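Working notes for the structure below.
For clarity, every value in this text was computed on a predicted model and none was experimentally measured.
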Amino acid sequence: MPIVAKLDEFGRGAWIAFTVLGFMVWWPLGLATLAFTIGSGRMGCGYAGAGRQEYRMSRLQEKMDRLRSRMGGEGSGFGGGGWHRGPSSGNRAFDEYRQETLRRLEDEQREFHDFLGRLRMARDKAEFDQFMADRRGGEATPPTAG
């Protein structure tokens with residue numbers, strides 16, 4: 001859905017404008033757009049649960065990737081060849097501090113992504129275990145004919 005991705009790129013204001021425009025054109029279109037934006041969590045409300053946080057993290061990651069590509073070439077990391085290759089500040093101590101800080105931030109980001117992966121795995125396992133327990137519980141009782 002290219003229009004959804006484009007509106008997401010512009011943010012909440014674009015969704016509000018699109019909804020108002022939908023109401024101006026044909027009220028059911030505006031109502032449908034409003035229901036979609038609230039239900040999908042794009043307005044910061046409605047049912048989105050953990051998916052909303054994952055969506056925000058993925059958008060943040062996309063922005064960081066775009067920033068990295070602008071600062072130091074495609075695929076470069078903060079300390080791995082992106083920003084530290086830029087013009088020096090003229091102060092070696094500060095440049096070393098900046099390089100170390102960026103490396104530490106990359107490590108923390110990697111650890112956080114690993115943590116999110118483990119968290120998703122634990123949640124999926126708990127849901128699967130609950131499903132299997134419900135399923136086993138349903139098979140143990142024979143259906144009643146009535």
Taking salt bridge (charged side-chain N to carboxylate O under 4.0 Å, His left out) as the test, write out the residues that go with [X], two or more places apart.
X      : result
Lys125 : Asp129
Arg104 : Glu108
Arg92  : Glu96

- Item | Value rounded to 0.5 Å, distance of CZ in Phe23 from CG in Leu31 |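 That separation rounds to 5.0 Å.
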- Task: State the CG-OH distance between Leu102 and Tyr97, to the nearest 0.5 angstrom.
- Result: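 OH of Tyr97 is found 9.5 Å from CG of Leu102.
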- Side-chain heavy atoms under 4.5 angstrom apart, residues restricted to Ile, Leu, Val, Met, Phe, Trp, Tyr: same cluster for Val25 and Phe18? no
- Message: Do Ile16 and Leu21 land in one hydrophobic cluster if side-chain heavy atoms of ILVMFWY residues count as linked below 4.5 Å?
- Response: no
- Would you name the heavy atoms of Thr37 and Leu34 that are closest together and state the gap between them?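 Thr37 and Leu34 have their closest heavy atoms at OG1-O, 2.9 Å.
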- Parallel, tilted or perpendicular: which fits the ring planes of Phe131 and Phe128, with parallel below 30° and perpendicular above 60°?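 The arrangement is tilted - the two ring planes meet at 30° to 60°.
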For [X], which residues count as a side chain to side chain contact (heavy atoms under 4.5 Å, CB included) partner, sequence neighbours excluded?
X      : result
Gln130 : Asp134
Gln61  : Asp65, Arg68, Gln109, His113
Met121 : none
Asn91  : Ser89, Ala93, Phe94

- Does the pair Met24 and Val20 meet the rule for a side chain to side chain contact (heavy atoms under 4.5 Å, CB included), with working shown? CA-CA 6 Å; Met24 291 170 65; Val20 169; 4.0 Å; yes
- Task: Show the numbers, then the answer: is there a salt bridge (charged side-chain N to carboxylate O under 4.0 Å, His left out) between Arg103 and Glu100?
- Result: CA-CA 5 Å; Arg103 186 199 57 75; Glu100 176 60 29; 2.4 Å; yes
- Message: Filter on salt bridge (charged side-chain N to carboxylate O under 4.0 Å, His left out), then keep only pairs touching residues 111-121, sequence neighbours left out; what's left?
- Response: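 For residues 111-121: Glu54-Arg120.
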- Query: Less than 4.0 Å between a side-chain N and a carboxylate O, is that true for Glu62 and Arg59?
  - Reply: no
